There are 2 protein chains.
Amino acid sequence: MTENSPSADAGPPRPRRSDTTRAAILTAAIARFAADGYERATIRAIARDAGIDPAMVMRYYGSKEGLFRAASEIDLRMPDFAGVRSEEAGEALVRHFLERWEADDSLAAMLRVAMASGLDEGRQQALLERQVGPTVARFCPAPAEVPRRTALIASQIVGMAVLRYLIQVPTVTAMTRDEIVAWLAPTVQRYLTADGP
Amino acid sequence: MTENSPSADAGPPRPRRSDTTRAAILTAAIARFAADGYERATIRAIARDAGIDPAMVMRYYGSKEGLFRAASEIDLRMPDFAGVRSEEAGEALVRHFLERWEADDSLAAMLRVAMASGLDEGRQQALLERQVGPTVARFCPAPAEVPRRTALIASQIVGMAVLRYLIQVPTVTAMTRDEIVAWLAPTVQRYLTADGP
DNA sequence: TAGCGTTGTCAACAAGCGTTGGCCAACAGG
DNA sequence: CCTGTTGGCCAACGCTTGTTGACAACGCTA
């Protein structure tokens, strides 16, 4: 009803003047959710970070949960791994995720909230299947086992992320990225390409 | 000053009439923290579960954070693994943690809150070093690497716990305990006994 | 210029929170 | 018996939260 062309409503909406505000809110929200988790991250604090009024958040995202849903639409940015040999897949995967995790806070935000609240209802599973699944399928010998292998790989990656980026265990944060890759790559490689356990 | 015997105050305090109430509060608190996380678990709800007044929680545990500290003093109940051969250590460790995790909710509570709030300040690290460290040291060839190996093992165990018990990814919850042991045991075994990566 | 939809500000709301202090019943010791 | 301590409930405080609605500036179109 807010659209201007009644015939074709599938076209890309022309840029609005408020897009910068929307983006500012989203950026601040991601950072706050990552730093504080869902409950501690208040709309007022997010609005203050974004330099606008708390009411604007409500106007543009409807509610706090709506804002979070918008803030946690994560893109893992999986490369296509076209030129990667099968024996290098584990290392490539681990390295990609470490870099991705350090690139911005959105992954930490998503993970923090995925654990703190049961609001997910299989969203994380879908995210894994859709984004990581195809990569796993490229290297995995048994197509029927792709979901399980994906989950196993995720367990190792997520566990390392929890210790290094969320809880920030000193021993783990002190390790270099290359050290972590060297240790985890064989694990992921095995989950990826080894025969059944 | 509240003690009755001035000469020896190290003796075990005689049981008080309120011990059952204290225990009820603690049990309810662990369950609520595990289910809802730190912020969503309200003192009022915990008191309701325990069948007492919210004010009692304050009287016995001082504050909500005090209650949480009491509720999250986790005992991993590590066996001594005396009769375990070195090649079986990985499997034994994974199996123990899976059973321990399913035994009661306190581990999930601790992990959930460890991530949801930055209140920890190295408590998790200390917990690992103190409780898991000795077991790792028993099987690890290089004593200097015990902290790092402990952290690596923790990353795999914690990651699996996050997916299976906190987020409850369907693919992971559908796996049997034996399947998970079969997949994770070699990983932990390698972190435990293999030479540097 | 008048009109209208879009941006934004401000003040207030109801609800829920952690926390406090006062009051009463049950018990223990003399 | 009286008295002090302990265990427990109740009502209230101060505060923060998410959310709402009224209202003023802006920009476009006719």
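Just so it is clear, the structure is predicted and the values come from calculations on it, not from any experiment. Lettering of chains follows the sequences in order, A, B, ..., and the numbering in each one begins at 1.
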A/Thr176 and A/Asp178 side chains, donor-acceptor separation under 3.5 Å = no
Could you go through residues 151-158 of chain B and list every donor-acceptor pair under 3.5 Å that involves a side-chain atom there, pairing it with any protein atom two or more places apart or in another chain?
{"residue": "B/Ser155", "atom": "OG", "partner": "A/Gln156", "partner atom": "NE2", "Å": "2.9"}
{"residue": "B/Ser155", "atom": "OG", "partner": "B/Leu152", "partner atom": "O", "Å": "2.7"}
{"residue": "B/Gln156", "atom": "OE1", "partner": "A/Tyr191", "partner atom": "OH", "Å": "2.8"}
{"residue": "B/Gln156", "atom": "NE2", "partner": "A/Ser155", "partner atom": "OG", "Å": "2.9"}

Is the B/Tyr165 ring parallel, tilted or perpendicular to the B/Trp101 ring (thresholds 30°, 60°)?
-> parallel
Check the angle between the aromatic planes of B/Tyr38 and B/Phe68 and answer parallel, tilted or perpendicular using the 30° and 60° thresholds.
->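 Perpendicular, since the angle between the ring planes exceeds 60°.
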Among the candidates [options], find the nucleotide nearest to the side-chain atoms of [X].
X       : options                : value
B/Thr42 : D/dC9, C/dG18, D/dG18  : C/dG18
B/Tyr60 : C/dG8, D/dG8, D/dT19   : D/dG8
B/Asp53 : C/dT9, D/dC10, C/dT19  : D/dC10
B/Ile43 : C/dT7, C/dG18, D/dG7   : C/dG18
B/Ala55 : C/dG21, D/dG18, C/dT19 : C/dG21
B/Arg59 : C/dG22, C/dG18, D/dT17 : C/dG22

For B/Tyr61, which contact category applies under a 4.0 Å heavy-atom criterion: base, sugar-phosphate, or nothing?
-> nothing
Would you kindly give the [atom1]-to-[atom2] distance between [X] and [N], to the nearest whole Å?
X       : N      : atom1 : atom2 : result
A/Glu39 : D/dT16 : CD    : P     : 18 Å
B/Lys64 : C/dG16 : NZ    : C1'   : 12 Å
A/Met58 : D/dT19 : CE    : P     : 4 Å

Does A/Thr21 put a side-chain nitrogen or oxygen below 4.0 Å from OP1 or OP2 of C/dG8?
->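 For C/dG8, OP1 or OP2 has a side-chain N or O of A/Thr21 closer than 4.0 Å.
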Base C/dG16 paired with B/Arg44 side chain (donor-acceptor, <3.5 Å) | no
